Amino acid sequence: MSPHDETADPLQPHSHEPNPAPPTDDPNFKLILGNGRSQTITVQDLQQLPVTSVSNCFIVSTGHGTSGPFTFTGTTLLDFVTHFYQESWSELEVVSADGFGNRVFVQELHQPDPAGPILLAYEMNGEALTREQGLVRMIVPSEKDDALRQVKWVGRVKMVGEKRP
Ligand SMILES: Nc1nc2c(c(=O)[nH]1)N[C@H]1C(S)=C(S)[C@@H](COP(=O)(O)O)O[C@H]1N2
Ligand SMILES: [Mo]
């Protein structure tokens with residue numbers, strides 16, 4: 001049985017039961033821009049962008065214990081989105097096809113936590129992440145108490161525009 005109810009909203013708080021298995025074999029994902037256009041992003045596309053590494057990252061599973069420290073390497077979410085879209089947006093929805101996801105706010109990217117900027121990671125400790133390990137994985141270095149933002153197998157990054165009253 002899947003640990004997540006795939007009919008549930010992937011952006012709502014979900015269970016701590018981590019899914020050990022990738023939902024698909026395909027590490028490519030979809031970027032949905034603020035203007036509604038979308039494009040497929042490959043790992044090779046990410047590797048063309050500025051490379052950032054963040055050390056001393058931990059994956060704090062409340063059920064299975066803590067693993068780390070890891071050095072994750074990839075592109076910052078800020079470098080990624082600004083490469084593809086220069087208009088304003090306020091939130092990103094970062095979701096895996098297994099129904100697990102998280103919201104990231106524009107302020108979090110412009111004022112990164114001292115622990116390090118949010119990454120779309122494709123390497124861990126200098127080795128390419130395997131699909132099983134989460135390729136491509138969002139890493140939120142500020143998250144130290146559980147792993148509910150460390151989205152494995154990113155399948156879709158969607159920009160949500162400024163909310164106008
Ligand atoms: N796509 C996806 N990402 C996920 C999860 C999941 O079920 N699906 N579980 C989260 C939870 S609850 C934990 S504890 C960690 C587990 O990460 P690990 O497999 O690297 O230990 O992944 C997080 N990211
Ligand atoms: Mo977890």
Side-chain angles (χ1 to χ4, degrees), residues 9-12 14 19 22-60 68-144 147-164:
D9 180 348
L11 295 165
Q12 290 306 307
H14 22 59
N19 186 359
T24 69
D25 292 334
D26 182 5
N28 299 341
F29 64 94
K30 204 167 174 191
L31 171 64
I32 303 163
L33 300 173
N35 59 15
R37 298 224 174 111
S38 68
Q39 64 193 94
T40 297
I41 306 295
T42 66
V43 178
Q44 291 70 30
D45 293 332
L46 291 183
Q47 289 167 339
Q48 303 306 307
L49 297 174
V51 179
T52 299
S53 293
V54 181
S55 296
N56 216 32
C57 295
F58 291 87
I59 302 295
V60 182
F70 301 113
T71 298
F72 283 103
T73 298
T75 183
T76 68
L77 199 49
L78 183 60
D79 284 340
F80 171 69
V81 294
T82 52
H83 179 81
F84 290 100
Y85 195 69
Q86 292 78 39
E87 308 296 313
S88 70
W89 51 275
S90 52
E91 296 172 23
L92 297 175
E93 298 173 358
V94 179
V95 179
S96 165
D98 72 350
F100 187 100
N102 203 244
R103 247 180 246 288
V104 177
F105 299 93
V106 67
Q107 297 88 335
E108 296 185 86
L109 303 193
H110 288 293
Q111 286 132 42
D113 187 271
I118 298 176
L119 298 180
L120 290 179
Y122 47 76
E123 279 181 23
M124 186 175 73
N125 295 343
E127 306 272 1
L129 278 173
T130 63
R131 183 65 177 156
E132 285 67 25
Q133 289 171 324
L135 182 72
V136 169
R137 185 169 197 170
M138 181 165 79
I139 294 297
V140 180
S142 64
E143 188 188 62
K144 304 279 192 194
L148 292 177
R149 303 191 74 191
Q150 317 294 337
V151 180
K152 294 187 279 191
W153 316 300
V154 169
R156 161 162 63 89
V157 175
K158 183 179 180 187
M159 292 174 186
V160 179
E162 306 277 8
K163 291 203 171 51
R164 291 174 210 285

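Values below: every heavy atom of this structure, side chains too, minus hydrogens, waters and symmetry copies. The structure presented is a predicted model; accordingly, all values stated were derived computationally and were not measured. We count residues from 1, following the sequence as given.
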**Item:** From CD1 (I59) to CZ (F70), nearest 0.5 Å
**Value:** 6.5 Å
**Request:** May I ask you to test the F100-N19 pair for a side-chain heavy-atom distance under 4.5 Å?
**Result:** no
**Message:** So, taking the atom named CG in L11 and the one named CZ in R103, what distance separates them when rounded to the nearest 0.5 Å?
**Reply:** 4.5 Å
**Message:** Just so I know, are the side chains of F58 and N56 near enough to count as touching, which here means a heavy-atom distance under 4.5 Å?
**Reply:** yes
**Request:** Could I get the full list of side-chain hydrogen bond (donor to acceptor under 3.5 Å, both in side chains) partners for Q12, not counting sequence neighbours?
**Result:** D9
**Item:** CG on L31 to CG on L92, rounded to 0.5 Å
**Value:** 8.5 Å
**Asked** So, do W153 and P23 sit near enough that their side-chain heavy atoms are less than 4.5 Å apart?
**Response** yes
**Request:** State, with a plain yes or no, whether a side-chain heavy atom of V160 is found less than 4.5 Å away from one of F105.
**Result:** no
**Prompt:** Above 12 or not: heavy atoms from other molecules or residues under 6.0 Å from NZ of K30?
**Reply:** no
**Asked** Side-chain contact, heavy-atom cut-off 4.5 Å: Q86 with T82?
**Response** no
**Single hit among V94, V95, N102 for side-chain contact (heavy atoms from CB on, under 4.5 Å) with V154** = V94
**Request:** Could you tell me which non-hydrogen atom of C57 sits nearest to which non-hydrogen atom of V54, and how far apart they are?
**Result:** SG-O, 3.5 Å
**Prompt:** Please, which pairs that meet ring-ring contact (aromatic ring centres under 6.0 Å, His included) have at least one residue in residues 26-55, sequence neighbours excluded?
**Reply:** F29-F80
**Prompt:** In Å, rounded to the nearest 0.5 Å, how long is the span from CG of D79 to CG of L109?
**Reply:** 10.0 Å
Please output the side-chain donor-acceptor pairs of residues 124-139 that fall under 3.5 Å, not counting sequence neighbours, one pair per line with the distance.
unit_1: N125; atom_1: OD1; unit_2: T71; atom_2: N; d: 2.8
unit_1: T130; atom_1: OG1; unit_2: Q133; atom_2: N; d: 3.1
unit_1: T130; atom_1: OG1; unit_2: Q133; atom_2: OE1; d: 3.4
unit_1: R131; atom_1: NE; unit_2: T24; atom_2: O; d: 3.0
unit_1: R131; atom_1: NH1; unit_2: L135; atom_2: O; d: 2.4
unit_1: R131; atom_1: NH2; unit_2: T24; atom_2: O; d: 3.2
unit_1: R131; atom_1: NH2; unit_2: T24; atom_2: OG1; d: 3.0
unit_1: R131; atom_1: NH2; unit_2: D26; atom_2: O; d: 3.1
unit_1: Q133; atom_1: OE1; unit_2: T130; atom_2: N; d: 2.9
unit_1: R137; atom_1: NE; unit_2: Q150; atom_2: O; d: 3.1
unit_1: R137; atom_1: NH2; unit_2: Q150; atom_2: O; d: 3.2

**Request:** Drop me the distance from M159's CE to E91's CD, to the nearest 0.5 angstrom.
**Result:** 13.0 Å
**Item:** Flag side-chain contact, heavy atom, 4.5 Å: Y85 against N35
**Value:** yes
Identify every side-chain donor-acceptor pair in residues 111-120 under 3.5 Å, counting partners at least two apart or on other chains, and give the distances.
unit_1: D113; atom_1: OD1; unit_2: A115; atom_2: N; d: 2.8

**Request:** If a pair satisfies salt bridge (charged side-chain N to carboxylate O under 4.0 Å, His left out) and one of its residues is in residues 148-159, list it, with sequence neighbours excluded.
**Result:** E93-R156, E108-R149
**Complete:** Sorted by chain and number, sequence neighbours left out, side-chain hydrogen bond (donor to acceptor under 3.5 Å, both in side chains) with T75 holds for none
**Item:** Side-chain donor or acceptor of E123 paired with backbone N/O of F72 under 3.5 Å
**Value:** no
